Amino acid sequence: MASRGQPQRPNGSGQSKICQFKLVLLGESAVGKSSLVLRFVKGQFQEYQESTIGAAFLTQTVCLDDVTVKFEIWDTAGQENIFLILPSFCRYLRYHSLAPMYYRGAQTAIVVYDISNAESFQRAKAWVKELQRQASPNIVIALAGNKADLANKRMVDADEAQVYAEENGLLFMETSAKTAMNVNEIFLAIAKKLPKSEQGGGGAATQGGARVVDINKPANNSGGGGCCK
Amino acid sequence: MYWCFASKETILCFFTLILIDVSHPDWSKINKHIFILSEAGKPIYSRYGNEEKLVTIMGVMQALVSFVQDSDDTLQSLVAGNRKYVFLVKGPLILVAVSSLEDSVPQLQLQLTYVYHQILSVLTGAQLEKIFEQLRNYDLRKLLGGTEKFLHNLLDMMDRDPSFFLESVQCLPIPVHYRDSIASSLQHAKTKSLVFAILITENQLITLVRPKKYNLHPADLHLIINLVNASTSFQSCESWLPICLPKFNDSGYLHAHISYLSEECPACLVLLSTDKDAFYELAESREKIIKRLTVKSNCIPVISEAITTNKYGLDYIIGSEIWHFLYKSKTYGQFVSPKCRPPYNTVEEQTRLQELYKYLHHRMHASAKPLKLVYRLRSQEALLGWISETFELYAVFNPLVSKTVAIGNVKRLMAIIKQEEDKLFIVNARTF
């Protein structure tokens, strides 16, 4: 998969490194999770975005001053969708057993709601709770109030969401996948907040998460590159 | 056994209920309804209209089925007016088709079986049984939420695409050495948990690699093709989802890694694994496959071209005498058919053509009197059906053509198919 924003290799000092993080998007169906990801990864927007089937995987990199952050993004189907409900079926599963598989090992999550849909905000809160209970303890959570372009249909007060986010230690932004408002910004804010220490966090690493790659060493994926011969 | 009802009132009542405009403006004009309900009579799905508003009809259907069950029998079908009513009871579900089209009763039963399999592909048979064991009155729509489009798409495909009643798949015509090198690329990407590697485009199979011990049943393959076809959401990313293939194993899931070869190439790669955590492993396999296809063999442009132009297909045979045909190789379990040309260039005409084929297929396979050769002259075309040990052929001719000319055409067609066999079909089955 061609990643844009190819990390530049500074001459000499081995400061530059790539940190890889698993990011998961959660939230009610139709709040715009896939649209946010497509805007961030491909710079595209479609008025009619088909609902996600299962989970979709995409990657994108963000360059900070001294590190390149590579996001492995898991865009999940809205929780109403059966594809999230994996074999461990039990009758209570509708909402609770929601396949931790997608957020297991995730270092960061964006919980999305739709500012024109009050219920989606309640769902987002439930997601945050679920993550705080089940996901890895150091997870960085961002709350995105999407569809900010629909200001005239607003049902969720921005201040209220801001206060909630502060109380729970979340990053918060109102975004619009349609106008691109705050889309790159929210990912960038996450990239800045993520710990970029060398060891990359013990437990989660096995899940294909926090891997720190020294860019000066030949990387395992030799496909790209080709910038300096 | 086919059931005949003594009580005309029951049928009439049922019939009227079906025709009442419940929630759809053209309710009575619809030529094929499909309904799914639970054994308790709860609505699960209706092809048209809102199943919520169909509670009464579903109640009647459930009553009909259980009435017959009470006398230790099974209600399979009824005919009233020009409509056929076909019933299929599978596990805890009742499936009903109401059709005024050419589809025969066995063909409709097959379609209902497909619909049932589509539901299993989402839930697995084991879970479906368990849900209704625990909660007889469960509203299954809660669990199927978001998957209706797969049912819709499947039903539309079954009306258009002969692969379902032929119970076989169509391959993308492509020179054999390309197909071989594509298959080798898939073989090379074998990992521990990979079971099937499949490359498809729209409704055609490009190649398939399977374990020595297992076959992939066409019915399972159709479900995969339907999954890929029904959604555009696979196009821009790599997707990962559980799917149950009922013929392979109806009690558990396989896990599918789905991605397109590139943004320009409409070929979709499906890798099926037994391990729910194998995503990264399969993503790596995909990388390897694409690298091999690009670097080693330059196959991707060939695939794209074969798809967009049907360059290696048999379209050139279609002319003023032979208008269209379906040829199924029994040896390979695959069929070939040309693109539709005039007079079959409108949706209505294509549907009518499918109806002709269904009629012909049914005539030849009717259990009471199966036939080997049929030639029928109709007002708009002449039909020919021919079944041998190794093939089934269904062809449509200009009605002004004489029988001798038609047979001459068929002979030529057979010779060409024989000659181009390795381009039209997957002749070397590959295994891991």
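Just so we're on the same page: letters track the sequence lines, and every chain starts at 1. Only a predicted model underlies this, so the values are computations on that prediction, with no experimental measurement involved.
- In this structure, OH on Y280(B) lies 5.0 Å from NZ on K22(A), to the nearest 0.5 angstrom.
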(request) Could you check Q44(A) against S236(B) for side chain to side chain contact (heavy atoms under 4.5 Å, CB included), going step by step and ending with a plain yes or no? (result) CA-CA 11 Å; Q44(A) 296 166 350; S236(B) 47; 5.6 Å; no
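- Using a 4.5 Å cut-off between heavy atoms, T124(B) makes no contact with chain A at all.
- Around NZ of K190(B), the count of heavy atoms belonging to other residues, nucleotides or ligands within 6.0 Å exceeds 12.
- A distance-only check finds no donor-acceptor pair linking the side chain of E238(B) to the backbone of F57(A) [under 3.5 Å].
- Listed here is the closest heavy atom pair of A56(A) and C237(B): CB-SG, 3.4 Å.
- Heavy atoms from other residues, nucleotides or ligands lying under 6.0 Å from NZ of K178(A) number 12 at most.
- Taking the side chain as every heavy atom from C-beta outward, K149(B) and I53(A) approach each other to under 4.5 Å.
- Proximity to chain B (any heavy atom under 4.5 Å) is restricted, for L38(A), to the side chain, taken from C-beta onward.
- Neither the backbone nor the side chain of Q235(B) has a heavy atom closer than 4.5 Å to any heavy atom of chain A.
- Taking OG1 of T52(A) as the start and CZ of F234(B) as the end, the distance is 9.5 Å to the nearest 0.5 Å.
- Nearest heavy-atom pair across L241(B) and G54(A) is CB-CA, 3.8 Å.
- Inspection of the S231(B) and E50(A) side chains reveals an N or O donor paired with an N or O acceptor under 3.5 Å.
- At most 12 heavy atoms of other shown residues, nucleotides or ligands fall within 6.0 angstrom of atom NE2 in H188(B).
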